[in-house]
Every structure is written in C-alpha cells, then in structure tokens.
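For reference, the structure is listed below as structure tokens.
Each chain gets a letter, A, B and so on, in the order its sequence line appears, and its residues count up from 1.
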Number of protein chains: 2
Amino acid sequence: MQLKNHVEWALHCCSVLAALPEDERIPAKLLAELHGIPREYLSKALQALSSAGIISGTLGPTGGYKLARAPGRITFLDIVEAVEGKGRTFVCTEIRDNMPCAEKPPAKGKTRRPCAVARVMYDADKAWRSHLQSVTLADLAKTVEKEVPLRVLKGNAEWLAAKRNA
Amino acid sequence: MQLKNHVEWALHCCSVLAALPEDERIPAKLLAELHGIPREYLSKALQALSSAGIISGTLGPTGGYKLARAPGRITFLDIVEAVEGKGRTFVCTEIRDNMPCAEKPPAKGKTRRPCAVARVMYDADKAWRSHLQSVTLADLAKTVEKEVPLRVLKGNAEWLAAKRNA
DNA sequence: CTTATTACGGATATTTATTATCCGTATTTA
DNA sequence: TAAATACGGATAATAAATATCCGTAATAAG
C-alpha cells in the first residue's frame with residue numbers, strides 16, 4: 001500500500017506556492033519544470049487541488065496557480081485528501097456475513113455497528129489523519145525557512161522570477 | 001490508496017485462531033471456507049503470517065495453522081506488517097534534488113535528513129502504526145466476546161469442529 | 001509401505017489502479 | 001487577433017493487486 005506520488009508533488013507545489021508573494025501566480029508548466037516532474041500529469045493533481053478549493057487557477061497569459069487561502073488555514077490533510085480521496089485506507093468487506101452462523105445483515109437502508117476488526121483499523125486511520133490535520137502549510141514554511149540554506153531558497157525564487165518574465 | 005484485502009483476511013483468521021483451544025489447528029482450506037474467501041489466495045496471506053512468526057503451520061493430515069504465541073503478544077501491527085510489508089505509506093522520491101538550485105545529494109553511503117514534507121508524512125505514518133501496535137489479539141477477543149451473540153460464537157465453533165472431524 | 005492430507009513455494013494469468021500523454025475547449029492578457 | 005493558460009475528456013502504458021495452478025516435501029493414519 002502506497003500513496004500515489006501525486007501526494008508528494010501536491011505537497012511540494014503547495015509549499016512553493018506558500019512562499020509566493022500575495023497576488024502572484026505560477027503556471028503548472030513552471031511548477032513541473034521546477035520539480036522535474038511530468039507536466040501533463042502534474043496538471044491532474046493541481047486540478048484536484050483546485051476543485052477542492054485549496055489552490056485557485058486563473059486562465060490566460062500571466063495566469064497560473066496560487067493558494068486559495070492563507071497557508072495557516074491549509075493542512076496536510078486537506079492536500080492529501082484532495083489528491084488521494086477521502087476514502088479510508090482499510091475497507092471492510094463484511095466477511096463476517098459469510099460465516100456459516102452469522103447474524104443477519106441489516107435491512108437495506110439500516111446500518112450496523114462496524115465489526116471489531118474494522119473499528120481498530122478505522123481508529124488507526126483516524127490517528128493518521130489527525131496528525132496530518134495538525135500540520136499546516138505555515139508550519140511547513142517555518143521549518144523550511146529554518147533548515148534550507150538561504151542560498152538555495154533565493155536561488156530557486158530567482159529562477160522562478162526569471163522564467164516568469166521570459 | 002487502499003490496504004489489500006489480505007489484511008482484512010489475516011486479521012479475521014487470526015481472530016478465529018485466537019479463540020481456538022491450545023494445541024488445536026485449523027487448515028487453510030477451512031479458514032477460507034469459513035470466511036467465504038478464495039482458498040489458494042488466502043494461503044499466500046497465511047504463509048506470510050507464518051514466515052513472520054505470527055502463526056505456525058504443520059504438515060500432514062490433522063495439520064493446519066495455530067497462533068505461534070499468546071494472543072496478548074500479537075498486535076494488529078504485527079499482522080498488518082506481515083502481509084502488507086513494513087514499507088512506509090509515503091515514499092519520498094527526493095524531488096527537491098531536481099530543483100534548479102538544489103543542495104548536492106549526499107555522497108553514496110552517506111545519508112541526509114529527510115525533507116520537511118517527508119518528515120510530516122513519516123510522523124503521520126508513525127501515528128498510524130503506533131495505534132495498530134497498541135491493540136493485541138487478546139484485546140480484540142475480549143471485544144468480540146462482549147458484543148457478538150453467544151449463539152453465533154458457539155455456532156461457528158461447532159461448524160468448525162464438525163468440519164474438522166468429517 | 002502406501003495413501004490421503006497438509007503447508008509451502010514457484011510460475012502464471014486476470015483484473016484493477018496508477019502513471020502518463022494527448023488533444024479540444026473556454027478564458028484571458030497583450 | 002494571437003498566444004498562453006486552466007480545465008476536462010479520452011486513451012495508452014505500466015505497475016500492483018487479485019487469483020489460480022501445480023509440483024514438492026512432510027506427516028498422520030490405515
């Protein structure tokens with residue numbers, strides 16, 4: 001079981017967008033080139049982020065993407081769920097119903113308490129999501145700023161600016 | 001992203017084995033029939049559990065599987081990792097190295113601190129595993145005993161006994 | 001000793017998910 | 001009007017999950 005690499009791409013792209021001056025934008029093409037990842041395929045991830053309301057895209061030349069709200073109000077969970085879906089990592093297929101002496105499955109429309117096995121897995125899933133929800137893009141930016149050499153940060157920012165004005 | 005259903009099967013099979021009297025065994029064939037799942041494919045999951053030292057299989061007629069140690073010493077994490085692998089759900093492909101102005105990747109043999117994005121994902125992964133590790137098969141058995149009707153429990157046990165003596 | 005039953009492991013097929021590309025449309029700036 | 005962009009649909013390529021088959025070795029029972 002593995003998250004798709006859309007997740008990694010989306011997180012890194014959002015990290016870049018979080019460092020962007022207000023009212024500036026970066027087109028998908030540049031985000032792809034910056035990270036050395038396939039442009040067309042990255043677009044799908046960005047579109048997912050956009051339709052989830054995390055980033056906002058504008059058309060036309062000078063168009064591109066920017067964060068749709070403040071970095072402090074975007075969590076890792078928001079991004080992961082936008083790209084990966086909100087479905088749980090463990091899916092219960094109710095194999096208890098297949099046992100020779102099983103309780104009757106609930107009537108259509110009615111629900112039943114999940115089985116004990118599923119509940120443990122769901123709780124673990126919840127712990128995972130809970131941690132992702134506790135970290136925002138603002139937190140990430142603070143960490144990056146602290147541990148990535150200024151030379152690297154400035155270098156990449158300048159590369160972006162140069163490309164956008166070319 | 002979704003766990004394979006080997007995980008669900010393995011957990012339910014271990015749950016059944018945990019309720020088994022000491023020194024009794026259940027063959028893969030019966031475990032599959034009991035849960036209504038494909039026998040040959042379930043075997044792969046059981047073999048994974050076996051080679052991880054969670055269950056132990058014996059050959060020959062009257063052979064089959066039993067837990068390799070006490071239910072209180074087998075955690076959900078043990079089972080999940082046995083069938084799903086110990087690999088992390090998030091894999092970092094180090095796309096930071098692709099940036100135009102990147103730090104040099106470490107020399108072969110040397111390591112580097114994972115990037116800030118990866119660390120958050122790793123911590124979430126750790127939270128997930130930590131919860132799975134906190135629940136044992138003994139805990140599960142206690143819950144099952146409390147909430148599954150006695151009629152169902154006895155019915156399935158009798159079905160098993162009858163099949164094994166047939 | 002023979003036979004039936006079992007775990008185990010290798011090989012292979014089938015199905016589904018992920019990864020990736022291509023292209024047409026609508027929108028916007030210059 | 002032309003160039004650049006996001007967006008969405010369609011499709012292809014690759015990898016992973018799901019499933020089956022079969023040969024081998026071990027073991028209990030007749």
* To do: Indicate whether OP1 or OP2 belonging to C:dA7 is found under 4.0 Å from a side-chain N or O atom of B:Ser50.
  => no
* Structure fact -> DNA chain C nearest-nucleotide lookup for A:Leu42 and B:Ser43: closer to the 5′ end is B:Ser43
* Structure fact -> B:Glu8 atom CD is separated from D:dT18 atom P, nearest whole Å, by 11 Å
* To do: Can you tell me the distance, in whole Å, between the CD1 atom of A:Ile37 and the C1' atom of C:dT19?
  => 13 Å
* **For atom CD1 of A:Ile55 and atom P of D:dT5, their distance in whole Å** => 15 Å
* Taking atom C1' of D:dT18 as reference, at what distance in whole Å does atom CG of B:Leu3 sit? -> 15 Å
* Does B:Arg112 pair with B:Glu103 as a salt bridge, N-O distance under 4.0 Å? -> no
* How close or far is atom P of C:dC22 from atom NZ of A:Lys29, stated in whole angstroms? -> 15 Å
Pick out the pairs of N or O atoms, protein on one side and nucleotides 27-30 of chain C on the other, that lie under 3.5 Å.
none

* Looking at C:dT19, C:dC22, D:dA6, which one has an atom nearest to any side-chain atom of A:Pro27? -> D:dA6
* Asked: Can you find a side chain N or O atom of A:Asn5 that sits less than 4.0 Å from OP1 or OP2 on C:dT18?
  -> no
* Asked: Taking only side-chain nitrogens and oxygens of B:Tyr41, does any of them come within less than 4.0 Å of OP1 or OP2 of D:dT20?
  -> no
* Asked: Between B:Lys163 (NZ) and C:dT5 (P), how many Å, whole number?
  -> 13 Å
* Asked: Looking only at heavy atoms, which two atoms of A:Ile54 and A:Ala82 are closest? And how far apart?
  -> CD1-CB, 3.7 Å
* Starting at the 5' end of DNA chain C, which residue's closest nucleotide do you reach first, A:Lys44 or B:Ala28? -> B:Ala28
* Structure fact -> B:Ala32 and B:Arg39 have their tightest heavy-atom pair at CB-CA, 3.6 Å
* Asked: Between B:Phe76 and B:His131, is the gap from one ring center to the other below 6.0 Å?
  -> no
* How many Å lie between NZ on A:Lys4 and C1' on D:dA17, as a whole number? -> 16 Å
* 5' precedence on DNA chain D between A:Gly57 and B:His6 (nearest-nucleotide basis) -> A:Gly57
* Would you call B:Arg129 and B:Asp125 a salt bridge, using N to O less than 4.0 angstrom? -> yes
* **Aromatic ring pairing B:His6/B:Tyr41, orientation class (parallel under 30°, perpendicular over 60°, tilted between)** => tilted
* Asked: For DNA chain D, whose closest nucleotide is more 5', that of A:Ile26 or that of A:Gln2?
  -> A:Ile26
* Asked: Once you round it to whole Å, what is the distance between P of D:dA16 and CD of B:Glu84?
  -> 13 Å
* Asked: If you measure from the Lys or Arg side-chain nitrogens to the Asp or Glu carboxylate oxygens, is any gap between A:Glu147 and B:Arg113 under 4.0 Å?
  -> yes
* Structure fact -> Considering only heavy side-chain atoms of A:Trp9, the closest of C:dA20, C:dT18, D:dC7 is C:dA20
